[in-house]
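Worksheet: one structure, shown below.
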Amino acid sequence: MKNAWWKEAVIYQIYPRSFCDSNGDGIGDIEGIISKLDYLKRLGIDIIWLSPIYESPNDDNGYDISDYQNIMREFGNMKDFDQLLEQAHIRNIRIIMDLVVNHTSDEHPWFIESRKSKENPYRDFYIWKEGKDGREPNNWGSWFGGSAWEYDDATDMYYLHIFSKKQPDLNWDNDKVRQKIYEMMRWWLEKGVDGFRMDVISLISKNPAFPDGEIHGLYGDLAPYCAHGPHVHEYLKEMNREVLSQYDIMTVGETSCVTLEEAKKYAGEDRQELNMVFQFEHVDNGSGDYGKWTTEKYDFKEFKRIMIKWQEELQGKAWNSLFLGNHDQPRSVSRFGNDNPAYRETSAKMLATCLHMMQGTPYVYQGEELGMTNVYFDKLEDYRDIESINFFTELTESGLMTPEYMMKCLMLRSRDNARTPMQWDDSEQAGFTDGESWIKVNPNYKEINAAQQLKDPNSIFHYYQKLISLRKEKDIIVYGEFEPLYRDDEQIFAYTRKLDQEKLLTVCNFSERNAEMEIPEEFKGAECLITNLDRTVFEGKIVLKPYEAFVLYK
Ligand code: TEU
Ligand code: CA
């Protein structure tokens with residue numbers, strides 16, 4: 001495996017709307033981010049991934065872009081952005097941008113033109129189809145509820161939108177579209193940004209037959225016809241040749257529905273496409289008939305099997321992105337750990353240990369370094385997320401779910417769980433804003449906040465800080481070869497890493513019960529690099545406490 005700065009780095013994801021508000025309007029902004037750069041430096045991260053900050057009507061909080069080369073008014077202006085980039089670079093922190101180019105906003109000038117007439121020069125920038133027997137062109141369901149097609153009066157045709165109807169899909173088969181996108185990307189790179197996280201990049205090439213999909217719930221499944229479509233690799237290779245390869249940057253593809261086989265194509269070391277991809281198997285595992293809308297808990301053995309599979313299979317071929325949470329997922333400690341106060345700290349540290357010691361680039365989602373938890377809103381009116389609100393309506397009005405049950409699903413799985421404001425201190429609104437926050441603050445901010453954790457040397461924050469600094473000290477954490485131990489254990493996730501003469505052992509108890517294990521002979525006399533409890537004996541047969549974790553080095 002080749003060495004690279006983006007393999008050695010730790011990435012911190014900022015969801016700007018909820019990070020820090022500098023002017024009291026209740027919405028996080030760029031100045032707010034600048035004011036927290038020293039906090040991030042202290043944590044030790046190397047790269048910030050900024051969720052979208054471009055001009056947007058905010059139907060999907062910035063993932064619906066109406067101008068790729070302007071900043072969302074609520075977040076500030078281009079001067080503020082330039083400041084942010086400069087201030088980050090001064091601190092040796094790189095910034096990667098969210099590149100949302102599967103779709104635009106319906107308020108983007110291209111779409112405003114496109115919908116005007118069939119002859120408009122921008123018509124083919126989007127995907128327009130005739131209706132079939134007075135209905136949508138096919139049965140595809142949007143990932144945000146309803147049909148994936150929207151009828152447009154002006155020309156009596158339908159346009160495709162995998163996401164909301166305010167997010168029409170771009171037509172990547174049109175090379176003018178691709179050229180415009182590459183031009184825009186170059187513009188940002190010339191400014192000095194350090195790379196891109198590419199939103200649903202696996203969906204850009206659609207099967208030209210547009211066949212009906214298999215029915216799941218109320219609509220047909222579009223994934224087999226849109227994910228990893230016929231030209232996706234050709235377009236990424238073109239993008240790489242024309243843009244990416246010209247700069248020293250990093251790229252990570254959000255590749256929804258990705259399989260191992262496809263991941264090796266997107267991110268294979270010698271493929272000249274992307275540096276790494278996000279896979280979702282470990283967070284989608286346990287999805288039911290209505291996708292993520294279920295109250296089922298995650299299955300530890302299945303989770304472990306998936307994580308191990310990605311480690312083993314990409315080793316030497318492609319690079320993993322390591323994450324347990326992001327702005328689309330519930331809080332990781334609530335989902336994979338235990339957010340009960342008795343176990344929250346220990347289990348948050350355990351999860352971090354397990355993730356950061358694997359092979360790949362770790363991602364920390366804002367607030368994860370504090371062990372922030374799900375908010376568990378129990379009233380629909382507290383939710384802001386379009387996906388949550390649309391599916392509540394669709395699944396309850398169709399009678400597929402009772403409102404009570406769907407409310408429980410939202411409490412466990414809504415994206416808003418991860419979007420409540422960052423908890424900076426114990427002052428009103430958690431120090432996020434002087435005004436009223438756009439979404440309610442999690443009421444547990446008095447116990448869980450950055451100010452308190454910065455004071456406490458045993459805090460989750462300091463534990464992350466230590467994990468990150470270990471990565472800087474020991475190459476084996478980045479480049480060591482991964483091998484799982486006790487594959488079938490029902491409580492323990494353990495693995496080794498090996499590099500030349502060095503070896504590393506990571507042990508994590510994912511359960512609320514004690515767990516017995518035997519430390520392998522070869523780690524006799526090893527040094528403990530980090531532990532989340534106060535264990536001092538690391539030899540022979542041991543009994544792990546609930547959520548205990550440690551790392552040995554020899
Ligand atoms: O997410 C894509 C995606 O796969 C999600 O729709 C995912 O299925 C869902 O959020 C799980 O609950 C990306 C962005 O990360 C997301 O925030 C955007 O809403 C979406 O694309 C559209 O741009
Ligand atoms: Ca603001």
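All residue numbers refer to positions in the sequence shown, counting from 1. Numbering of ligands and ligand atoms starts at 1, following listing order.
- Close approach of ligand 1 to H327 is summarised as follows: ligand atoms under 4.0 Å from at least one heavy atom of the residue are 14 (C), 15 (O), 16 (C), 17 (O).
- Relative ring orientation between Y126 and F111 is described as perpendicular, the plane-to-plane angle rising above 60° on a 0-90° scale split at 30° and 60°.
- Atoms of ligand 1 found under 4.0 Å from any heavy atom of R419, numbered from 1 in the order shown, are 17 (O).
- The aromatic ring centres of Y63 and F163 sit 6.0 Å or more apart.
- Annotation for K41: atom NZ counts as buried by contact number, over 12 foreign heavy atoms lying within 6.0 Å.
- Across the listed options I386, D60, D328, D60 owns the non-hydrogen atom lying nearest to atom 22 (C) of ligand 1.
- Considering backbone and side-chain atoms together, Q329 places no N or O closer than 3.5 Å to any N or O of ligand 1.
- Contact check on K165 versus D106 returns no salt bridge, with no Lys/Arg side-chain nitrogen under 4.0 Å from an Asp/Glu carboxylate oxygen.
- Taking 4.0 Å as the cut-off, R413 does not count as a neighbour of ligand 1 on heavy-atom distance.
- Side chain of T420 to backbone of K440: no donor-acceptor contact under 3.5 angstrom is found.
- In this structure, R17 is positioned above the aromatic face of W438, its NZ or CZ under 6.0 Å from the six-membered ring centre and within 45° of the axis.
- The aromatic rings of F323 and F280 sit perpendicular, their planes meeting at an angle over 60°, well past the 30° parallel limit.
- Between the choices V101, D199, I65, the shortest heavy-atom distance to atom 14 (C) of ligand 1 belongs to D199.
- A cation-pi arrangement, defined by a distance under 6.0 Å to the six-membered ring centre and an angle within 45 degrees of its axis, is absent between K36 and F19.
- Polar contact check, R197 against ligand 1: a nitrogen or oxygen pair lies under 3.5 Å apart.
- In terms of protein heavy-atom proximity, atom 8 (O) of ligand 1 is closest to W143 CE3, 4.2 Å.
- The single protein non-hydrogen atom nearest to atom 4 (O) of ligand 1 is S256 OG, 3.2 Å, given as residue, atom name and distance.
- Atom 9 (C) of ligand 1 has as its closest protein heavy atom E387 OE2, 3.5 Å.
- The minimum heavy-atom distance linking S334 with D339 is given by the pair OG-OD2, 2.7 Å.
- Inside a 4.0 Å radius of atom 2 (C) of ligand 1 there is at least one protein heavy atom.
- Interface of K292 with ligand 1, defined as ligand atoms under 4.0 Å from a residue heavy atom, comprises 11 (C), 12 (O).
- A salt bridge links R197 with D199: the closest approach of a Lys/Arg side-chain nitrogen to an acidic carboxylate oxygen falls below 4.0 angstrom.
- The protein heavy-atom contact nearest to atom 6 (O) of ligand 1 is F163 CE2, 3.2 Å.
- Residue contact annotation: F280 has no non-hydrogen atom under 4.0 Å from ligand 1.
- Protein heavy atom closest to atom 10 (O) of ligand 1, with residue, atom name and distance, is R415 NH1, 3.1 Å.
- Annotation: protein N, O or S atoms under 3.0 Å of the Ca ion (ligand 2) (waters excluded) comprise D21 OD1, N23 OD1, D25 OD1, I27 O, D29 OD2.
- Under a 4.0 Å N-O distance rule, the pair R115/E150 does not qualify as a salt bridge.
- Proximity of the aromatic rings of Y290 and H216 is defined here by a centroid distance below 6.0 angstrom, and this criterion is not met.
- Judged by a 6.0 Å distance limit and a 45° cone about the ring axis, K129 is not positioned over the six-membered ring of W149.
- Between K446 and D426 there is no salt bridge, since none of the side-chain N atoms of the basic residue sits less than 4.0 Å from a carboxylate O of the acidic one.
- The atoms of ligand 1 that sit less than 4.0 Å from any heavy atom of H103 are 22 (C), 23 (O).
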